[in-house]
Amino acid sequence: MLDIKFIRENPETVKKGIAKKYNNVNIDKVIKLDNRRREIIREVEKLKAKRNQVSGEIAKKKRAGESAEEDILAMRQTGEKIAAGDERLKNVENELNELLKWIPNLPHESVPVGKDESANVVVRQWGEVTQKDFKVLPHWEIGKKLGILDLEAAAKLSGSGFYLLKGLGARLERALINYMLDIHTKEGFVEIAAPFIVTENTMFGTGQLPKMAEDMYKTEDDNMYLIPTAEVSLTNTYKQQIIDYKELPIYMVGYSPCFRREAGAAGKDTRGMIRVHQFDKVEMVKIVRPEDSYHELETLVQEAEKIIQNLNIPYRVVTLASGDLSFAAAKCYDLEIWSAGMEKYLEISSVSNFEDFQARRMNCRFRDEDKKVKYPHTLNGSGVALARLIPAILENYQNEDGTISIPKVLKPYMDGWERIS
RNA sequence: GGAGAGGUGGCCGAGCGGCUGAAGGCGCACGCCUGGAAAGCGUGUAUAGGUAACCCCUAUCCAGGGUUCGAAUCCCUGCCUCUCCGCCA
């Protein structure tokens, strides 16, 4: 959520910013409604002040045993005017909020401007993408051969877009989750195990709602949503509260399954476990002082990179172009891991700074040393997505004989297994 | 799911329909006192909106409705917490 005061005072900045995100909320209308709103507030508050004052006088008269009939009658009328004013105010506010909640966060100045991912900028590359001297099978083929990935069984259970891991495949996923949690908690991230099903208001807080409603699973009887990322649960842990400045920065990490309907993505990445309706992910969230957030963004990217580096798989870091940025993000880096079987990079982590956009929506604030209440900045980053990492391991660690070596750092988590065969 | 009890400021805890944005205590901050500290004393200590303005005004005692000139206080609905029973991984 953008600050209405900021919009009022910087309409051109806002218009330019949302244009970079190819958003078309009518800012002039927002400002018009805001003016109307404040006009009505001034009107109604004047009447309320009058009512409060006269009600006090009525009380005094009654105590003194005098008649207050005249005042009561007058206030009855004032009360009607107030009710009418409040009604008009509510209507204007509803209309205003309906627009406000659709205004995206503005891109940071360092974000490349462009319509879609073709304008993304590669900021660095890690590891050598070397050709192996044999044909690397894509993960769905090698996974099937080894009996550790069964897409047919998943389809039988849940239809298309699900995966089922078996034996050492399932073990590998569990190992990765534990490994990643261990790495991040060592860096001071507090491990959180939070609910996977949340209320509508929680989804609004991090910005999934209203815009991404089509992409989420919703429970029929209770109006609850299945989280599309642990970001929702972790970040919203601090909604509707004032944090003491001494608690900042807050670092959290949590594992969760992620549920995504992928509406509109039909026909895209249909093979294997690359684009699925449910996948596991370890997610990191930071809540920090505003002046630190861009530095924190860089260290958060590095934290995610560490996982892939330790696994020794090539990847690159990309800055998303304005048009490719998500609704709530001001700046975002994607980590793209090399898929040796598909011979392309796959997005495996998304690390974003939301500045105070989510904090406003969540009504999460902190009390600073100077006693003032301020909005913190929130960030999150995948650390990392399993449905992309597992394929990358199955492909990059594939041997010519069709076996898969266990990455060194995972061996302690794999109960002595050296390879999958 | 059934039966009760309850939701007031950072915390605890008062609160007859008007004089309560809210007593009192704790905590915290600052000052006095002290060689220094503790104790003691004094002062201060919510958030949001309106506004150039923490001068003032408005709103907020879980949330939403209602009664009333006036609601933390009365009525209705919902949510949450606790206790007991039932069910259950």
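Letters go in sequence order (proteins before strands), and every chain restarts at 1. What you see is a predicted model, and the numbers here were worked out from it, not measured in a lab.
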Using atom [atom1] of [X] as one end and atom [atom2] of [N] as the other, report the distance to the nearest whole Å.
X	N	atom1	atom2	value
A:Asn97	B:G49	CG	P	13 Å
A:Asp222	B:C79	CG	C1'	13 Å
A:Leu47	B:G50	CG	P	18 Å
A:Asp244	B:U45	CG	C1'	14 Å
A:Tyr375	B:U47	OH	P	12 Å
A:Met75	B:G70	CE	C1'	11 Å
A:Ile82	B:G70	CD1	C1'	11 Å
A:Leu96	B:G50	CG	P	11 Å

Hey, does A:Pro228 have a side-chain heavy atom less than 4.5 Å from the side chain of A:Met212? no
Would you say the side chain of A:Met342 lies within less than 4.5 Å of the side chain of A:Ile274, judging by non-hydrogen atoms?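 Heavy-atom side-chain distance check passes, below 4.5 Å.
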Applying side-chain contact (heavy atoms from CB on, under 4.5 Å) to A:Leu209 and A:Lys101, what does each step give before you reach the verdict? CA-CA 9 Å; A:Leu209 286 178; A:Lys101 69 186 186 187; over 6 Å; no
Any residue of residues 364-373 of chain A with a heavy atom less than 4.0 Å from an atom of RNA chain B: A:Arg365, A:Arg367, A:Val373
Establish, with yes or no, whether the OP1 or OP2 oxygen of [N] is under 4.0 angstrom from a side-chain nitrogen or oxygen of [X].
X	N	answer
A:Arg63	B:C19	no
A:Arg42	B:U51	yes
A:Arg8	B:G50	yes

Using atom [atom1] of each nucleotide, how far apart are [N] and [M] to the nearest Å?
N	M	atom1	value
B:U67	B:U8	C1'	22 Å
B:C19	B:G70	P	14 Å
B:C79	B:C88	C1'	24 Å

Which nucleotide, if any, forms a Watson-Crick or G-U wobble pair with [N], using both distances under 3.5 Å?
N	answer
B:G70	none
B:C54	none
B:U83	B:A3

Counting primed atoms, P, OP1 and OP2 as sugar-phosphate and everything else as base, the B/S/- map of nucleotides 55-68 of chain B against protein heavy atoms under 4.0 Å is --BBS---------
